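In this text, all values refer to a predicted model and were calculated from it rather than measured experimentally. Throughout, numbering of the chain's residues begins at 1 and tracks the sequence.
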Amino acid sequence: MAKDAYPLLIPLSVIAVLMFAFNYRFLGMLFLGLVCLVGYFFRDPDRKITADPLAIVSPADGKIVRVNPEADGTIRISIFLSVFNVHINRAPVEGVIEKVTYLPGRFKAAFRDDASAENEKNILVITNPRCRIQFNQIAGILARRVVCWKHEGDSVAKGERVGLIKFGSRVDVFLPAGVEPLVTLGSAVEGGSSIIGRFSHASK
């Protein structure tokens with residue numbers, strides 16, 4: 001379970017116990033249900049990470065809602081995370097975090113295309129000898145908190161946990177030139193284990 005769950009789980013659990021202790025069973029059941037929901041939302045399962053050095057893995061669980069070329073030659077892959085998905089975000093490649101930029105914004109529904117441009121977000125850039133890759137943690141209509149556990153200059157392994165977004169949200173990852181996208185609209189992906197793109201052998 002993600003450590004960010006505990007500031008919510010502890011008070012909800014205390015309230016649930018108090019409600020049962022004072023014989024407010026309905027309220028006790030209500031708060032116990034909230035404890036279960038929070039625990040479910042913040043679950044953090046282990047994932048098997050590919051050893052393929054040419055693979056780029058999904059930074060998030062969810063559904064592919066966009067695969068589009070951008071003006072700079074990258075391919076943007078957008079992943080929508082519903083409240084039922086695991087919300088831990090992972091590094092799509094190994095390398096050093098060159099930049100972490102927080103941008104305040106709106107809280108439109110995360111499945112909308114304009115959410116990428118207008119919503120609150122963290123922009124992370126990872127560099128390694130092969131590539132420089134950007135991915136964005138984007139808040140949604142319910143997600144009012146984007147959390148990043150890493151800092152500029154930190155080294156990360158492929159598939160390593162880097163943060164989370166609370167409740168429904170979106171992650172955009174920009175595949176650099178020389179990478180073949182391996183997902184299509186509607187594909188379901190798992191953070192860290194699903195391969196979303198692969199470099200050609202000729203890529204440097």
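- Here the CZ atom belonging to Phe20 is positioned 5.5 Å from the CE atom belonging to Met29, to the nearest 0.5 angstrom.
- Side chain of Arg170 to backbone of Ser78: no donor-acceptor contact under 3.5 angstrom is found.
- Heavy-atom minimum distance, Asn128 versus Gly95: CB-CA, 4.1 Å.
- Residue Phe84 qualifies as open at atom CZ: its count of foreign heavy atoms under 6.0 Å is 12 or below.
- Under a 4.0 Å N-O distance rule, the pair Arg43/Asp61 does not qualify as a salt bridge.
- Within the 3.5 Å criterion, the main-chain N or O of Leu9 finds a donor-acceptor partner in the side chain of Ser13.
- Looking only at atom types and distance, the side chain of Gln134 has a donor-acceptor partner in the side chain of Asn136 under 3.5 Å away.
- Atoms OG1 and CD1, on Thr127 and Ile97 in that order, are 9.5 Å from each other to the nearest 0.5 Å.
- You'll find the side chain of Leu34 stays beyond 4.5 Å of the side chain of Leu8, heavy atoms only.
- Asn89 places none of its side-chain heavy atoms less than 4.5 Å from the side chain of Pro59.
- Surrounding OH of Tyr24 are at most 12 heavy atoms belonging to other residues, nucleotides or ligands under 6.0 Å away.
- Gln137 places a side-chain N or O within donor-acceptor distance of the main-chain N or O of Val147, the cut-off being under 3.5 Å.
- No donor-acceptor pair under 3.5 Å is formed between the side chain of Asn85 and the backbone N or O of His87.
- In this structure, the side chain of Asn119 engages the main chain of Ala139 through a donor-acceptor pair within 3.5 Å.
- At distances below 3.5 Å, not a single donor-acceptor pair connects side-chain atoms of Lys150 with backbone N or O atoms of Val100.
- Here the straight-line distance linking atom OG1 of Thr184 with atom CD1 of Ile77 works out to 10.0 Å at 0.5 Å rounding.
- At a threshold of 4.5 Å between side-chain heavy atoms, the hydrophobic network of Ile, Leu, Val, Met, Phe, Trp and Tyr places Val93 and Leu124 in one connected group.
- Here the CD1 atom belonging to Ile195 is positioned 5.5 Å from the CG atom belonging to Asp52, to the nearest 0.5 angstrom.
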